[in-house]
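Let me begin by presenting the structure, written as C-alpha cells, before commenting on it.
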Amino acid sequence: MVKKKGKLYHTLALSLRLTSLSLLEALRHIGSEKGVANVAAALVVYACELQVLFLCLLHYLRPKLLPLQRYLYASPRYRRTHISHLSLDRVAKFFGLSKTPTQTCDPPDVPIFTGFPEWDTMPPLEPLPPDTQEERLWRRKILEAMRTTLAPSPRKRKRRSNWRPVHCSHLPIYAGGGDATPELTTIDVSSDTESHRACSSVPADFDLAPYAGAVWSDDLPDTVKHARNAARHVPFEARSLLIPSSTTTVAELLLQDGPMVSSTRPAGDAVFTNQPVTAPPSFDAVEWHDSLFTAIPFSRDLRRFFNNAWLSGATSIKFPHLTFHYPLWVENLLSDMQLYVTKRGYWDRAALWLKRVPTDSVGTADECRDTFEFLPWDTVVPGLSPAVRLTTESLTTFLSNEWLDDDMLNAGIDYILQRAENTRVRILNCLFMQSLQNASARGSSYTPSRFSPIEKAIRAGAVDVVWFPLHVSGNHWTLLQINLVTKTLAYADSMDGSIPPDQLGPVRWWLKSLLDEPDDFPLIPANFPSPRQRDTFSCGGIVLSILASVLLHFDIWTPATAADQRMSWFLRLSEAFADECGGYQAACDTDGETVPMTTPKPSSDYPDDPMSISCPSSPFTSSEGPVIPSEDGALGLEEVDPLLDDAGEQSRDDVDMQESDNEFPETIPLPQSPSPETGLKRLQDSEYYDGSDEEDDTDSELDPATPRCRRRTKAPNPNSS
Amino acid sequence: MSEEDQQGPPQEEVKTEDPQSTINIKVVSSVGEEVFFKIKRSTKLSKLQGAYASKVGKDVGSIRFLYDGERINDDDTPASLDMEDNGTAGAIQFVASLTPPTFADTIDVMVEQVGGVWLRRP
C-alpha cells in the first residue's frame, strides 16, 4: 500500500519537475526581455517548486514523517477538529452543501470472497426440521425465564412501604357518633363517573326537561349525571391557553406573564342565566386571559349552586363586572385557575426568594435557577418511596422561609435512606406518631394483627438505631433517637425544649410492647450534633440536617448556612428530574445546539429501584462530601463531630431571634393576596425572574404594607408572638 | 415460533371483578374515627378524598390518605391498588348500612403536620 502511494507521489514529483522546468524557461525568457526583477521573481517561484519537490521526496523516502495522505485524502469530517468547523458543517448542511465523507480506503489486499470456492455452488438453505415436544418445552421454559428476569412484573419491582399506621381494632369511633351508639356513615361516591368518560356516554337525545326544576341529589339517574359532567367539561383549548400544562418547566412558567388577580371581589354576584353564551369568539382574546382571572373569587359560589342551576336550565354564567355571558364550564375552569394562581404564586415567591439569599449562597441559588430549566412546575416528584408523596409545589417551600410539613420531611428522609450505607439504621415516617398516640391512648398493649416491615426488623434485632421525627405542640419538629443496643433514648430539640410526655409515653409504650422489655428506656443526652435554631422556621431543616450529617456525613446546619441548607435540599429532591432528563449538563453540551428538554412524565411508572435514583453523575451532588459508609449505627454516631462550638452558647431570647432574622431573606408574602388598597396587581413582573444573573432587585420589592400571608392559614404565624 | 410465543406467556390472573362493581372502603382517621365509602372499582380515589375532606370540613391538601402504609396518588383507583376484600365481590356489594362492613378495605387518614418553631405554651 505504501509502495503504491509512493509511486503516486513519484509521478507527481516528476510532473512538477517538468512543468517547473518549462515555467522556468518561460520566466527566464520574459526576464531577459523586461529586466532583472522578473528574473528574481522567477527564481523565487523556482525555489518554491524545489521546496515542494523536496517535501514530496521526503514523503517518498519516509512516509510516516510527513503524512501527506492524511491531509490530502482524509474524509472532510476527519479534519473537523474545532468547534468553528462544526458550525461550518451546520451552515453547509443548511444550504444543502454538505458533502458525504468519501471513502478513500484502498481495497483490502486479502481477497476475502475468493477465499470461498464453494460460494457460488452452495445449495440453498433448507428449512429446519419441526420441533419435538421436548424442545418446545425447553424453549418455553427459556422464554419464561427471560421474561421474568428481563422484565420483572411491576408488583415485584415495587418498593413497599416499611411502615403502616397502627390500628386498634377494638373501640372504633364513628364519625358523628360516640362509642355507645355507633352511627355508621356511608358516603356513596360510586355514582359519579369521570368527566371525560361521561362526555362520550351522554346520549344524543338526552332531554333535561323531565328533571327541570328538580333539586340535585345523588339519586338522579346516571344519564343526568353524565350530562351534568359533560356540561362542566372544559374544552382543551381553553384550559391549555389559560393554564400551563403540568409538565411546563418552571423557567418557562416564570417567563410567561402572570395572571391578573383581583385582590378584592368585584361588587355583585355571579349569576346563572338563561341567556345564550356570548363569550369572546377565540380563546386567545384578551377577554379570556385577563378578565377571567378577576372572576376567580366567584368560583366557590358557582360551584355550590351549579348542579341546581344546571337542572333548572341555565345556559350561561354572567359575572357582574364582565360584559360577556360565559359558558357553563367556566365554573369548572375557574377552580382550576384558582389552583394555578396559588401554585404560580409559590413559584414566584421562590424566584424572588432566590434573589435575596445571602451573598455566600449565590452560587447555590444559581444552581437552583438552573434546576428551573428542567423542573416541571406541577407534578409529583418521582423516585420516592410509596409511603411518601411530594409534589413540585412542595419543593417551593424549600425556597422560602415557610415551615416544612410532613411530606417534605418524609421526602428528605427517603432521600437519606436511599443513600445511606448503614443498613442497621431506620428512620420512621413522620406520620407514624399520630397513629401511635391514638393507639396508645386506647389500648393497654400493642397487639397489631400483623407487624410492619420496620417493626419486624426491630423485633428480629436487625436494627441498631431508630430515628423518630416528632411533631411537638403542633408547630415544631424535633428528633428522637432510639438506640436499641444501649437501650436508651436521646432527644434533639433545636429550641432546647424537653420531650413532651404525650410523645414520650407512646414511644415507650410501643417499644415496651414491641420488644417485651420490662423497663422504660432512659433518656440520655444526645451524642450527635444538635444545632440550635435562632430563626423561626428552621426546625424541619435542622431535623433533616442532623439525619443527613449522621448517616450521609453531610455538613451540619448552622445559622449562617440556613438558606444554603434549604436550597441544598431543594436541589437534592430535584435530582430525580435531572436523572429523568438525562442530566442537565448532557443536554446542553451536544454540539453547541440547543436541544429541547424532554419533560418527564408525572406518572408513577418510574423504576422503584433505589439504585436507579442515586445516579452518581448527577450534576448536583458535587457540593456534598462523599458518602462514607459507616459500619455500625452506634459507632457511626461517634465519628461525627460533637456539637458545633457556637451552638451551645446561643441564648434563645426573642430579641436574639429577631436580630438573627435579618441574616436571611425576609419571608416573602404571597403575591396573590395583596392588600386591598393595591388593587389589581400583576403577579408576575419580568423583574421577578429574568433568567439572567442580574442582581438588581430594586424593582422587585413588594409593597411593604402588604400583609404577610401564610401558606396555610391554620398554621400560626411565628412572628406574631 | 410465533405460535409458540403466543402460547408461551403464562395465563394472566383472570380478573373476575367487574370494574363497575362497587366496594366499601373504610376510612379511618388518626384518632380512630371511621367513615365508610361506597365506591366503584374504577372510580378514582381522589373523588373519595374530596368527599372525605368536605365531610370533615378540611382542605384536601391538609389530609394524608394512606393505603397499607402507602400514600394514595390522585390517579389511583381501588382496582389499581388491588383493593380486595377477604370475601367475594358479592359479599361486599350487599353490606347492610347498619352494621359495620367487616370486609371493607381500610384507608388511613393522617393530619398534615407543619412545624417551624416551638412557641412556648402559655
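Chain naming here is simple, since letters A, B, ... match the order of the sequence lines and numbering starts at 1 in each. No hydrogens, no waters, no symmetry mates; every other heavy atom, side chains included, goes into these values.
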Query raised in the report: In chain order, what residues pass the side-chain contact (heavy atoms from CB on, under 4.5 Å) check against A:Ala387, with sequence neighbours excluded?
Result: A:Ser161, A:Trp163, A:Ser385, A:Asn429
Query raised in the report: Who passes side-chain contact (heavy atoms from CB on, under 4.5 Å) against B:Thr77, sequence neighbours left out?
Result: B:Lys44, B:Ala79, B:Ser80
Report summary line: Bottom line for B:Asp74: the part with an atom under 4.5 Å from chain A's heavy atoms is both
**Report entry** Residues, nucleotides or ligands: over 12 heavy atoms within 6.0 Å of A:Arg304 CZ
**Finding:** yes
Requested in this report: Please report the C-alpha distance between B:Arg71 and A:Asp407 in whole Å, then the side-chain angles of each, then the deciding distance to 0.1 Å, and finally whether the side-chain contact (heavy atoms from CB on, under 4.5 Å) criterion is met.
Outcome: CA-CA 10 Å; B:Arg71 291 293 299 276; A:Asp407 274 345; 2.6 Å; yes
Report task. Look up atom CG in B:Leu66 and atom CZ in A:Arg389, then write down how far apart they are to the nearest 0.5 Å. Result -> 11.5 Å
Report task. Using non-hydrogen atoms and a 4.5 Å limit, figure out which bit of A:Val388 sits close to chain B: side chain, backbone, both or neither. Result -> backbone
Query raised in the report: Is the closest side-chain heavy-atom distance between B:Arg64 and A:Asn410 below 4.5 Å?
Result: no
